[in-house]
Amino acid sequence: MIKRNLLVVGFEISLLFSFVVGYYRDKTCAELQVNNSSVICVCNATYCDTVTREEPHPRRFMVYTSSKAGLRFKKFTSILEVFDLCKVTECSTTLELEPRKRYQTIHGFGGAITDSAAINWSNLKDEELKQNLIESYCGDSGIQYNMLRVPIGGTDFSPRFYTYQDYPERDKDLSNFTLAPEDLNYKLPMIKACMKASNDSIDILGSLWYPPAWMKSTKKSNGISFLEEEYYDALALYHLKFIKEYYKQGVPIWGITTTNEPLSGITKHANDNVLGWSVYGLANWIVNYLAPKIKRYDPSIKILGVDDQRFTVPLWFNAALKHVPELGRAIDGIGLHYYENELVPPEIVDRCFKNYPNLFVLSSEASIHSQTNNKVDLGSWDRAEKYIKNIIEDLNHNYTAWIDWNVCLDKMGGPVLSKTYLDSPVIVDPDAGVFYKQPLFYAMGHFSKFIPKGSKRIQSVEKYNCGDPIKHVAFSTPMNTIVVVVFNDKNKEKVVRLKLGYSQAKVLLEKNSIATVEFHNDVIDESCDCEK
Ligand SMILES: *[C@@H]1O[C@H](CO)[C@@H](O)[C@H](O)[C@H]1NC(C)=O
Ligand SMILES: *[C@@H]1O[C@H](CO)[C@@H](O)[C@H](O)[C@H]1NC(C)=O
Ligand SMILES: *[C@@H]1O[C@H](CO)[C@@H](O)[C@H](O)[C@H]1NC(C)=O
Ligand SMILES: *[C@@H]1O[C@H](CO)[C@@H](O)[C@H](O)[C@H]1NC(C)=O
Ligand SMILES: *[C@@H]1O[C@H](CO)[C@@H](O)[C@H](O)[C@H]1NC(C)=O
Ligand SMILES: *[C@@H]1O[C@H](CO)[C@@H](O)[C@H](O)[C@H]1NC(C)=O
Ligand SMILES: *[C@@H]1O[C@H](CO)[C@@H](O)[C@H](O)[C@H]1NC(C)=O
């Protein structure tokens, strides 16, 4: 009895505590209700919502919630209770956390600085407004991205076709290799602004979409094409020169992929600026040209294979390794894209990694592409839900990082060469002097902000859920805290107990909400004293 009363008092104090401590450092979302969707948060030059991480007090837990109803990183704190087995009924959903059972180490989260993203960021003009966007993504009061993907040259999200050496042609030494105005005026300044705002090192992943047209079988930027074999070495050199030029600009490259979506270059997507590969051709190029050149220059630079949809793993991974077994040692890991993930379950990735435990897998691209007119759907919670479910699934299948596509776009979802407009977590509106943070932004932030580099996924087993499971993933962080992300996709509230040893955090999940919970990894070693 006494214990229970103390818990109630503690709970009330904690409410007061959360009111006093939880809010004062943050600016709340300047929300705009968009039709029947969820809210968007409006940032202008003088105001932009922030989220700071609260260090959890011993024996307490912190909860951050975002919901369809409009909560955005709403903070709540309460005390860890003694886990009381006697009170567990058939339907008290419980996640049993086991920090001693560890899986992959997390590398990070991020997005892509494409030409479109960087140009539209730059078009915001006002320095304070631009800085608010950077701080939102990279700063301590933002969602703390620590990875960025940067295209090596142009992509479908560029205003024009270009490469770093369109002329002279047939010059295998690439004597006229030059970064583009898009790099110097837009992408590099945006990357550097993020590096400056971040308290963490930012790891940059470079990806090639297409080489100079003169290296291709068709001599054209788009259309079904392959790399001419006489230019295999020149394309490896092209990557090395990119790495060196970015380094000179003060932006070291952490890793490169081995060509973005090579399947697109031999299929219907070939209208874009792409490069097609045969399975053997790509594996041979990586093993005999790309990897030796890059690793000789700097063995710490990561080389990531596949960089295509999950369903292509049997092609660019399984079949490639069969033809060229050395590929397993030439690459450090693989990048997989989010699109069409429903076509193949993530188990396909587990299976291929059984034989290659030294390789890692990360998600190298994601975005919402809609067949309807709503290319950009302001306030869409459904789209946030798609990301959340996918990120949880991927992390539960040993993915080490998750990288989104364009960090910002304009209200059209462009501009693009191929006219396939997309949605983005941040939509800029320079005429109004604002940008909007979409639900997608908060979906990313519930992971990126609270699962720092070096965190390890731990076992979390769901019990007593009455056949109504929730999505969840749990980590142990370098600060010796436990972080659990739980997602309630139902239109009703739900109580979830996060059980660690004999302690539990009892969390009320709002309807249609995502919650990130954090507490210290110190188990209260006390068993329950009820009489049975
Ligand atoms: C949302 O409402 C605005 C007017 O407030 C309207 O212009 C717009 O078309 C609506 N969007 C959708 C997707 O219904
Ligand atoms: C808004 O409501 C209409 C009618 O109920 C529905 O068809 C549409 O999908 C809803 N849009 C969103 C974004 O929820
Ligand atoms: C910026 O946003 C804040 C919060 O919504 C608002 O109070 C302020 O008036 C806005 N400033 C301008 C110049 O629109
Ligand atoms: C975004 O950038 C492109 C240039 O690539 C430009 O055409 C477009 O107008 C920009 N949109 C806004 C809203 O600035
Ligand atoms: C070198 O590249 C630049 C564009 O970056 C181009 O203007 C120039 O003509 C090229 N030089 C030669 C010799 O082709
Ligand atoms: C920034 O990083 C330093 C050291 O890595 C750490 O001590 C400090 O608390 C961090 N600042 C914030 C606001 O997290
Ligand atoms: C993840 O990696 C571990 C080894 O670190 C392995 O035991 C497990 O089967 C892998 N797959 C999944 C889905 O956890």
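As the structure lists them, so they are numbered: ligands from 1, and atoms in each ligand from 1.
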Asker: Are the aromatic ring centres of W214 and Y231 under 6.0 angstrom apart?
Answerer: yes

Asker: Is H397 in polar range of ligand 7, meaning some N or O pair under 3.5 Å apart?
Answerer: no

Asker: Do me a favour and list the nearest non-hydrogen protein atom to atom 14 (O) of ligand 5 with residue, atom name and distance?
Answerer: P168 N, 3.3 Å

Asker: Any nitrogen or oxygen of Y103, side chain or backbone, less than 3.5 Å from one on ligand 7?
Answerer: no

Asker: What is the nearest protein non-hydrogen atom to atom 5 (O) of ligand 3, stated with its residue, atom name and distance?
Answerer: A30 CB, 3.6 Å

Asker: Are H107 and W402 near enough that their ring centres are under 6.0 Å apart?
Answerer: no

Asker: With heavy-atom distances below 4.0 Å as the criterion, list the atoms of ligand 5 near Y167.
Answerer: 1 (C), 2 (O), 10 (C), 14 (O)

Asker: Consider ligand 7: state whether an atom of it lies below 4.0 angstrom from any non-hydrogen atom of Q459.
Answerer: no

Asker: Return the closest protein heavy atom for atom 6 (C) of ligand 5 as residue, atom name and distance.
Answerer: N176 ND2, 4.2 Å

Asker: Is the distance between the ring centroids of Y64 and F73 less than 6.0 Å?
Answerer: no

Asker: How about atom 9 (O) of ligand 3: does it have a protein heavy atom within less than 4.0 Å?
Answerer: no

Asker: How far is atom 13 (C) of ligand 3 from the closest protein heavy atom, and which atom is that?
Answerer: N44 ND2, 4.4 Å

